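This structure is a prediction, so every number in the text was calculated from the model and none was measured.
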Amino acid sequence: MATEATTTNFQNSDFRPVPQPPDFHPEVIVSPHDGLHFWQFMIAGSVAGCVEHMAMFPVDTVKTHMQALGSCPIKSVGVRHALRSILKSEGLPGLYRGIGAMGLGAGPAHAVYFSVYEVCKKYFSGENPNNSAAHAVSGVCATVASDAVFTPMDTVKQRLQLGNSAAYRGVFDCVKKVLKEEGFGAFYASYRTTVLMNAPYTAVHFTTYEALKRGLIEISPESVSDERVIVHATAGALAGASAAVITTPLDVVKTQLQCQGVCGCDRFKSSSIGDVVKTIVRKDGYNGLMRGWIPRMLFHAPAAAICWSTYEAAKAFFQEINASSESGT
(Lines give C-alpha, C1' and ligand atoms only; values in the text may rest on other atoms or scores of the structure.)
Protein backbone atom coordinates (compact mmCIF):
# COMPACT_ATOMS: atom_id res chain seq x y z
CA MET A 1 0.00 0.00 0.00
CA ALA A 2 2.85 2.35 0.85
CA THR A 3 4.44 1.64 -2.49
CA GLU A 4 1.19 2.41 -4.32
CA ALA A 5 0.78 5.67 -2.44
CA THR A 6 4.31 6.74 -3.25
CA THR A 7 3.79 5.93 -6.91
CA THR A 8 0.50 7.85 -6.95
CA ASN A 9 2.06 10.88 -5.31
CA PHE A 10 4.94 10.83 -7.82
CA GLN A 11 2.54 10.61 -10.75
CA ASN A 12 0.55 13.59 -9.44
CA SER A 13 3.69 15.66 -8.89
CA ASP A 14 3.93 19.15 -10.33
CA PHE A 15 7.27 18.22 -11.89
CA ARG A 16 6.46 16.90 -15.33
CA PRO A 17 8.61 16.44 -18.44
CA VAL A 18 8.39 19.23 -20.95
CA PRO A 19 7.09 17.84 -24.27
CA GLN A 20 9.41 18.36 -27.25
CA PRO A 21 8.38 19.07 -30.84
CA PRO A 22 8.08 15.89 -32.94
CA ASP A 23 11.11 16.83 -35.06
CA PHE A 24 13.32 17.66 -32.06
CA HIS A 25 16.87 16.20 -32.11
CA PRO A 26 19.71 17.01 -29.75
CA GLU A 27 22.21 19.29 -31.43
CA VAL A 28 25.47 17.64 -32.36
CA ILE A 29 28.34 20.10 -32.32
CA VAL A 30 31.28 19.08 -34.48
CA SER A 31 34.29 21.32 -34.42
CA PRO A 32 35.37 22.18 -37.96
CA HIS A 33 38.99 22.00 -36.84
CA ASP A 34 40.74 20.79 -33.72
CA GLY A 35 42.83 23.82 -32.89
CA LEU A 36 46.10 21.91 -32.67
CA HIS A 37 49.52 23.01 -33.81
CA PHE A 38 51.03 21.52 -36.97
CA TRP A 39 53.68 19.62 -34.99
CA GLN A 40 51.00 18.11 -32.76
CA PHE A 41 49.19 16.70 -35.80
CA MET A 42 52.53 15.27 -36.96
CA ILE A 43 53.25 13.54 -33.65
CA ALA A 44 49.70 12.18 -33.37
CA GLY A 45 49.88 10.84 -36.93
CA SER A 46 53.32 9.33 -36.44
CA VAL A 47 52.25 7.46 -33.30
CA ALA A 48 49.05 6.24 -34.98
CA GLY A 49 50.91 5.01 -38.08
CA CYS A 50 53.54 3.11 -36.10
CA VAL A 51 50.97 1.43 -33.85
CA GLU A 52 48.79 0.49 -36.83
CA HIS A 53 51.50 -1.03 -39.03
CA MET A 54 53.38 -2.82 -36.29
CA ALA A 55 50.20 -4.46 -35.00
CA MET A 56 49.07 -5.61 -38.45
CA PHE A 57 52.44 -6.49 -39.98
CA PRO A 58 51.95 -10.31 -40.14
CA VAL A 59 48.73 -9.87 -42.16
CA ASP A 60 50.56 -7.53 -44.52
CA THR A 61 53.27 -10.18 -45.03
CA VAL A 62 50.68 -12.79 -46.04
CA LYS A 63 49.09 -10.32 -48.48
CA THR A 64 52.46 -9.50 -50.06
CA HIS A 65 53.26 -13.18 -50.62
CA MET A 66 49.86 -13.81 -52.18
CA GLN A 67 50.15 -10.91 -54.60
CA ALA A 68 53.68 -11.71 -55.83
CA LEU A 69 53.62 -14.01 -58.88
CA GLY A 70 56.44 -15.88 -60.64
CA SER A 71 58.44 -18.57 -58.89
CA CYS A 72 58.11 -17.13 -55.41
CA PRO A 73 57.58 -19.69 -52.62
CA ILE A 74 53.83 -19.06 -52.41
CA LYS A 75 51.58 -19.32 -55.43
CA SER A 76 48.26 -20.17 -53.83
CA VAL A 77 45.70 -17.43 -53.28
CA GLY A 78 44.36 -19.10 -50.14
CA VAL A 79 45.04 -17.22 -46.93
CA ARG A 80 45.45 -20.33 -44.78
CA HIS A 81 47.71 -22.01 -47.33
CA ALA A 82 49.83 -18.87 -47.63
CA LEU A 83 50.16 -18.60 -43.86
CA ARG A 84 51.09 -22.27 -43.48
CA SER A 85 53.68 -21.98 -46.25
CA ILE A 86 55.37 -18.99 -44.60
CA LEU A 87 55.45 -20.69 -41.21
CA LYS A 88 56.75 -23.92 -42.73
CA SER A 89 59.55 -22.30 -44.74
CA GLU A 90 60.69 -19.59 -42.30
CA GLY A 91 58.83 -20.10 -39.06
CA LEU A 92 57.21 -17.32 -37.03
CA PRO A 93 60.05 -14.82 -37.76
CA GLY A 94 59.06 -15.04 -41.44
CA LEU A 95 55.89 -13.10 -40.67
CA TYR A 96 57.98 -10.21 -39.35
CA ARG A 97 60.69 -9.95 -42.02
CA GLY A 98 60.93 -6.32 -43.06
CA ILE A 99 59.32 -4.87 -39.94
CA GLY A 100 62.41 -2.69 -39.42
CA ALA A 101 61.83 -0.99 -42.77
CA MET A 102 58.19 -0.50 -41.85
CA GLY A 103 59.22 1.13 -38.58
CA LEU A 104 61.57 3.53 -40.35
CA GLY A 105 58.97 4.49 -42.95
CA ALA A 106 55.61 4.44 -41.16
CA GLY A 107 56.36 7.11 -38.55
CA PRO A 108 57.58 9.91 -40.86
CA ALA A 109 55.08 9.02 -43.61
CA HIS A 110 52.06 9.14 -41.30
CA ALA A 111 53.30 12.33 -39.70
CA VAL A 112 53.17 13.90 -43.17
CA TYR A 113 49.92 12.08 -44.00
CA PHE A 114 47.78 13.35 -41.14
CA SER A 115 49.29 16.81 -40.80
CA VAL A 116 48.80 17.54 -44.53
CA TYR A 117 45.25 16.15 -44.31
CA GLU A 118 44.32 18.35 -41.36
CA VAL A 119 45.80 21.49 -42.92
CA CYS A 120 44.09 20.83 -46.28
CA LYS A 121 40.79 19.95 -44.59
CA LYS A 122 40.81 23.26 -42.74
CA TYR A 123 41.62 25.14 -45.95
CA PHE A 124 39.18 23.37 -48.32
CA SER A 125 36.22 22.78 -45.98
CA GLY A 126 35.42 26.46 -45.44
CA GLU A 127 34.69 25.73 -41.76
CA ASN A 128 32.05 23.18 -42.85
CA PRO A 129 32.64 19.79 -41.16
CA ASN A 130 30.15 18.10 -43.54
CA ASN A 131 32.02 19.00 -46.73
CA SER A 132 32.68 15.52 -48.20
CA ALA A 133 34.42 16.91 -51.27
CA ALA A 134 36.91 18.73 -49.03
CA HIS A 135 37.61 15.49 -47.15
CA ALA A 136 38.23 13.62 -50.42
CA VAL A 137 40.53 16.29 -51.89
CA SER A 138 42.42 16.63 -48.61
CA GLY A 139 42.95 12.87 -48.51
CA VAL A 140 44.39 12.89 -52.04
CA CYS A 141 46.79 15.72 -51.14
CA ALA A 142 47.86 13.82 -48.03
CA THR A 143 48.61 10.60 -49.89
CA VAL A 144 50.62 12.31 -52.65
CA ALA A 145 52.87 13.86 -50.00
CA SER A 146 53.16 10.84 -47.69
CA ASP A 147 53.75 8.31 -50.48
CA ALA A 148 56.81 10.28 -51.55
CA VAL A 149 58.20 9.61 -48.06
CA PHE A 150 56.98 6.03 -47.62
CA THR A 151 57.45 4.39 -51.05
CA PRO A 152 61.22 3.74 -50.77
CA MET A 153 60.89 2.00 -47.40
CA ASP A 154 57.77 0.16 -48.56
CA THR A 155 59.84 -1.24 -51.46
CA VAL A 156 62.53 -2.42 -49.02
CA LYS A 157 59.89 -3.84 -46.70
CA GLN A 158 58.20 -5.92 -49.42
CA ARG A 159 61.52 -7.26 -50.76
CA LEU A 160 62.48 -8.37 -47.27
CA GLN A 161 59.06 -9.99 -46.82
CA LEU A 162 59.55 -12.09 -49.95
CA GLY A 163 63.29 -12.75 -49.82
CA ASN A 164 65.15 -14.98 -47.41
CA SER A 165 68.21 -14.21 -45.31
CA ALA A 166 70.47 -15.17 -48.23
CA ALA A 167 68.94 -12.49 -50.46
CA TYR A 168 69.04 -9.62 -47.96
CA ARG A 169 70.58 -9.63 -44.50
CA GLY A 170 68.52 -6.66 -43.37
CA VAL A 171 67.19 -3.22 -44.17
CA PHE A 172 70.50 -1.51 -44.91
CA ASP A 173 71.85 -4.48 -46.85
CA CYS A 174 68.73 -4.39 -49.03
CA VAL A 175 69.11 -0.65 -49.62
CA LYS A 176 72.76 -1.06 -50.64
CA LYS A 177 72.05 -3.94 -53.03
CA VAL A 178 69.12 -2.20 -54.70
CA LEU A 179 71.18 0.97 -55.19
CA LYS A 180 74.10 -0.99 -56.60
CA GLU A 181 72.15 -3.34 -58.88
CA GLU A 182 69.13 -1.28 -59.94
CA GLY A 183 69.84 2.34 -59.08
CA PHE A 184 67.92 4.90 -57.02
CA GLY A 185 64.95 4.82 -59.41
CA ALA A 186 64.07 1.30 -58.24
CA PHE A 187 62.85 2.75 -54.93
CA TYR A 188 60.26 4.83 -56.81
CA ALA A 189 59.35 2.34 -59.57
CA SER A 190 55.90 1.92 -58.03
CA TYR A 191 55.36 5.53 -56.91
CA ARG A 192 52.98 6.40 -59.74
CA THR A 193 50.99 3.22 -59.18
CA THR A 194 51.03 3.78 -55.43
CA VAL A 195 49.61 7.30 -55.81
CA LEU A 196 47.00 6.11 -58.34
CA MET A 197 45.99 3.41 -55.87
CA ASN A 198 46.09 5.50 -52.71
CA ALA A 199 44.38 8.55 -54.20
CA PRO A 200 41.01 6.78 -54.62
CA TYR A 201 41.69 4.79 -51.45
CA THR A 202 42.16 7.87 -49.29
CA ALA A 203 39.33 9.73 -51.03
CA VAL A 204 36.93 6.89 -50.19
CA HIS A 205 38.51 6.27 -46.80
CA PHE A 206 38.46 9.82 -45.42
CA THR A 207 35.05 10.67 -46.87
CA THR A 208 33.52 7.47 -45.49
CA TYR A 209 35.23 7.89 -42.12
CA GLU A 210 34.10 11.49 -41.60
CA ALA A 211 30.52 10.65 -42.65
CA LEU A 212 30.33 7.51 -40.49
CA LYS A 213 31.87 9.30 -37.51
CA ARG A 214 29.25 12.04 -37.66
CA GLY A 215 26.46 9.51 -38.23
CA LEU A 216 27.49 7.43 -35.23
CA ILE A 217 27.73 10.55 -33.06
CA GLU A 218 24.21 11.59 -34.10
CA ILE A 219 22.81 8.19 -33.11
CA SER A 220 23.78 8.70 -29.48
CA PRO A 221 25.02 12.26 -28.91
CA GLU A 222 24.48 12.18 -25.16
CA SER A 223 27.03 9.36 -24.69
CA VAL A 224 29.54 10.39 -27.35
CA SER A 225 32.23 11.29 -24.81
CA ASP A 226 31.95 7.85 -23.18
CA GLU A 227 31.99 5.99 -26.50
CA ARG A 228 34.61 8.09 -28.29
CA VAL A 229 36.98 5.15 -28.92
CA ILE A 230 34.16 2.89 -30.18
CA VAL A 231 32.94 5.58 -32.59
CA HIS A 232 36.38 6.18 -34.11
CA ALA A 233 37.25 2.48 -34.27
CA THR A 234 33.94 1.49 -35.91
CA ALA A 235 34.00 4.32 -38.45
CA GLY A 236 37.65 3.62 -39.22
CA ALA A 237 37.15 -0.13 -39.67
CA LEU A 238 34.23 0.26 -42.08
CA ALA A 239 36.00 2.98 -44.06
CA GLY A 240 39.23 0.98 -44.27
CA ALA A 241 37.53 -2.23 -45.39
CA SER A 242 35.48 -0.61 -48.15
CA ALA A 243 38.39 1.41 -49.52
CA ALA A 244 40.73 -1.61 -49.41
CA VAL A 245 38.50 -3.86 -51.52
CA ILE A 246 37.90 -1.17 -54.15
CA THR A 247 41.62 -0.53 -54.70
CA THR A 248 42.97 -4.12 -54.55
CA PRO A 249 43.81 -4.39 -58.31
CA LEU A 250 46.14 -1.40 -58.13
CA ASP A 251 47.70 -2.80 -54.96
CA VAL A 252 48.52 -6.02 -56.84
CA VAL A 253 50.22 -3.98 -59.59
CA LYS A 254 52.16 -2.00 -56.98
CA THR A 255 53.41 -5.20 -55.31
CA GLN A 256 54.51 -6.61 -58.66
CA LEU A 257 56.52 -3.48 -59.47
CA GLN A 258 58.15 -3.31 -56.05
CA CYS A 259 59.07 -6.99 -55.93
CA GLN A 260 60.22 -7.56 -59.51
CA GLY A 261 63.25 -9.79 -59.73
CA VAL A 262 62.96 -10.90 -56.10
CA CYS A 263 62.65 -14.64 -55.53
CA GLY A 264 62.09 -15.26 -59.24
CA CYS A 265 59.27 -12.75 -59.71
CA ASP A 266 58.89 -11.19 -63.15
CA ARG A 267 60.92 -8.18 -64.22
CA PHE A 268 59.20 -5.53 -66.31
CA LYS A 269 60.78 -3.46 -69.06
CA SER A 270 58.92 -0.37 -67.83
CA SER A 271 56.84 0.71 -64.87
CA SER A 272 53.76 0.98 -67.09
CA ILE A 273 50.63 -0.06 -65.23
CA GLY A 274 49.14 -1.42 -68.45
CA ASP A 275 52.10 -3.78 -69.05
CA VAL A 276 51.90 -5.17 -65.52
CA VAL A 277 48.13 -5.67 -65.78
CA LYS A 278 48.57 -7.57 -69.07
CA THR A 279 51.18 -9.83 -67.49
CA ILE A 280 48.96 -10.59 -64.50
CA VAL A 281 45.90 -11.31 -66.66
CA ARG A 282 47.92 -13.51 -69.03
CA LYS A 283 49.35 -15.62 -66.21
CA ASP A 284 46.47 -15.72 -63.75
CA GLY A 285 43.37 -14.34 -65.49
CA TYR A 286 41.35 -11.39 -64.26
CA ASN A 287 41.06 -13.05 -60.86
CA GLY A 288 44.76 -12.34 -60.47
CA LEU A 289 43.98 -8.65 -60.10
CA MET A 290 42.10 -9.45 -56.89
CA ARG A 291 44.80 -11.61 -55.37
CA GLY A 292 45.15 -10.93 -51.68
CA TRP A 293 41.91 -8.95 -51.34
CA ILE A 294 40.89 -10.91 -48.25
CA PRO A 295 44.09 -10.28 -46.23
CA ARG A 296 44.11 -6.73 -47.60
CA MET A 297 40.63 -6.17 -46.18
CA LEU A 298 41.54 -8.04 -43.00
CA PHE A 299 44.55 -5.75 -42.73
CA HIS A 300 42.93 -2.40 -43.47
CA ALA A 301 39.74 -2.83 -41.41
CA PRO A 302 41.43 -3.37 -38.02
CA ALA A 303 44.41 -1.25 -39.08
CA ALA A 304 42.17 1.74 -39.78
CA ALA A 305 40.31 1.12 -36.51
CA ILE A 306 43.61 1.09 -34.60
CA CYS A 307 45.00 4.05 -36.52
CA TRP A 308 42.00 6.36 -36.17
CA SER A 309 41.32 5.56 -32.52
CA THR A 310 45.02 6.08 -31.69
CA TYR A 311 45.18 9.27 -33.73
CA GLU A 312 42.02 10.74 -32.18
CA ALA A 313 43.23 9.77 -28.69
CA ALA A 314 46.55 11.52 -29.35
CA LYS A 315 44.70 14.61 -30.59
CA ALA A 316 42.51 14.61 -27.48
CA PHE A 317 45.67 14.41 -25.35
CA PHE A 318 47.15 17.46 -27.08
CA GLN A 319 43.82 19.32 -26.81
CA GLU A 320 43.85 18.81 -23.05
CA ILE A 321 47.43 20.07 -22.85
CA ASN A 322 46.55 23.14 -24.91
CA ALA A 323 43.46 23.82 -22.79
CA SER A 324 45.48 23.51 -19.59
CA SER A 325 48.16 25.88 -20.84
CA GLU A 326 45.56 28.41 -21.93
CA SER A 327 43.74 28.29 -18.60
CA GLY A 328 47.06 28.61 -16.78
CA THR A 329 47.84 31.82 -18.62
Taking distance alone, no hydrogens or angles, what donor-acceptor pairs closer than 3.5 Å link side-chain atoms of residues 136-144 to residues at least two apart or in another chain?
from	atom 1	to	atom 2	distance (Å)
S138	OG	C120	O	3.4
S138	OG	K121	N	3.1
S138	OG	A134	O	2.6
T143	OG1	D147	OD2	3.1

When clusters are formed by joining ILVMFWY residues with side-chain heavy atoms under 4.5 Å apart, either directly or through shared neighbours, do [X] and [Y] land in the same one?
X: L179; Y: Y191; value: yes
X: Y123; Y: V119; value: no
X: I246; Y: I294; value: no
X: L36; Y: F317; value: yes
X: V204; Y: Y209; value: no

- Task: List, by chain and number, the other hydrophobic cluster members for V116, where Ile, Leu, Val, Met, Phe, Trp and Tyr join if side-chain heavy atoms come within less than 4.5 Å, directly or indirectly.
- Result: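 Members other than V116 - counting any ILVMFWY side chain reachable under 4.5 Å - are V112, V149.
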
Distance (rounded to the nearest 0.5 Å) between [X] [atom1] and [Y] [atom2]:
X: K180; Y: K176; atom1: NZ; atom2: NZ; result: 9.5 Å
X: E90; Y: Y96; atom1: CD; atom2: OH; result: 14.0 Å
X: L289; Y: I280; atom1: CG; atom2: CD1; result: 5.5 Å
X: D154; Y: M102; atom1: CG; atom2: CE; result: 6.0 Å
X: D60; Y: H300; atom1: CG; atom2: NE2; result: 7.5 Å
X: I273; Y: K254; atom1: CD1; atom2: NZ; result: 12.5 Å

- Task: Take R291 and D284 through the test side-chain contact (heavy atoms from CB on, under 4.5 Å) and record every step on the way to the result.
- Result: CA-CA 9 Å; R291 288 180 75 122; D284 206 36; 2.9 Å; yes

Is there side-chain contact between [X] and [Y], with at least one heavy-atom pair below 4.5 Å?
X: R282; Y: T279; value: yes
X: F318; Y: H37; value: no
X: V252; Y: W293; value: no
X: I86; Y: V62; value: yes
X: R214; Y: N130; value: yes
X: T61; Y: F57; value: yes
X: V156; Y: V178; value: no
X: T208; Y: L238; value: no

- Message: Please identify which of these residues, W308, F124, Y201, meets the ring-ring contact (aromatic ring centres under 6.0 Å, His included) condition with F206.
- Response: W308

Please answer whether the main-chain N or O of [Y] pairs with a side-chain N or O of [X] as donor and acceptor at a distance below 3.5 Å.
X: T151; Y: A148; answer: no
X: H65; Y: Q161; answer: yes
X: E210; Y: T207; answer: no

Locate the shortest heavy-atom distance separating [X] from [Y]; write the atom from each residue and the value.
X: A235; Y: L216; answer: N-CD1, 4.0 Å
X: P302; Y: M297; answer: CD-O, 4.1 Å
X: Y168; Y: C174; answer: CD2-CA, 3.5 Å
X: G45; Y: F114; answer: CA-CD1, 3.5 Å
X: S190; Y: L257; answer: CB-CB, 4.0 Å
X: A305; Y: A233; answer: CB-O, 3.3 Å

- Quick one: do Y311 and H110 satisfy side-chain hydrogen bond (donor to acceptor under 3.5 Å, both in side chains)? Show the steps, please. CA-CA 10 Å; Y311 178 64; H110 278 72; over 6 Å; no

- Step by step, would you call R97 with K157 a side-chain contact (heavy atoms from CB on, under 4.5 Å)? CA-CA 8 Å; R97 281 185 59 82; K157 182 263 299 182; over 6 Å; no

- Message: Looking at K122 and E118, is any side-chain nitrogen of the basic one under 4.0 Å from a carboxylate oxygen of the acidic one?
- Response: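 No, no charged N to carboxylate O under 4.0 Å.
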
- Residues R159 and E182 bridged, charged N to O under 4.0 Å: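 Looking at R159 and E182, the cut-off is met.
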
- Query: Taking it one step at a time, do K213 and V231 satisfy side-chain contact (heavy atoms from CB on, under 4.5 Å)?
  - Reply: CA-CA 6 Å; K213 180 177 71 172; V231 168; 4.1 Å; yes

- Message: Using side-chain hydrogen bond (donor to acceptor under 3.5 Å, both in side chains), reason through N322 and Q40 one step at a time and then give a plain yes or no.
- Response: CA-CA 10 Å; N322 292 349; Q40 292 174 324; 3.0 Å; yes

- Message: Is it true that R296 and T247 share a donor-acceptor pair across their side chains at a distance under 3.5 Å?
- Response: yes

- Message: Consider side chain to side chain donor-acceptor pair (under 3.5 Å). Of D251, T248, T255, which one does K63 pass it with?
- Response: D251

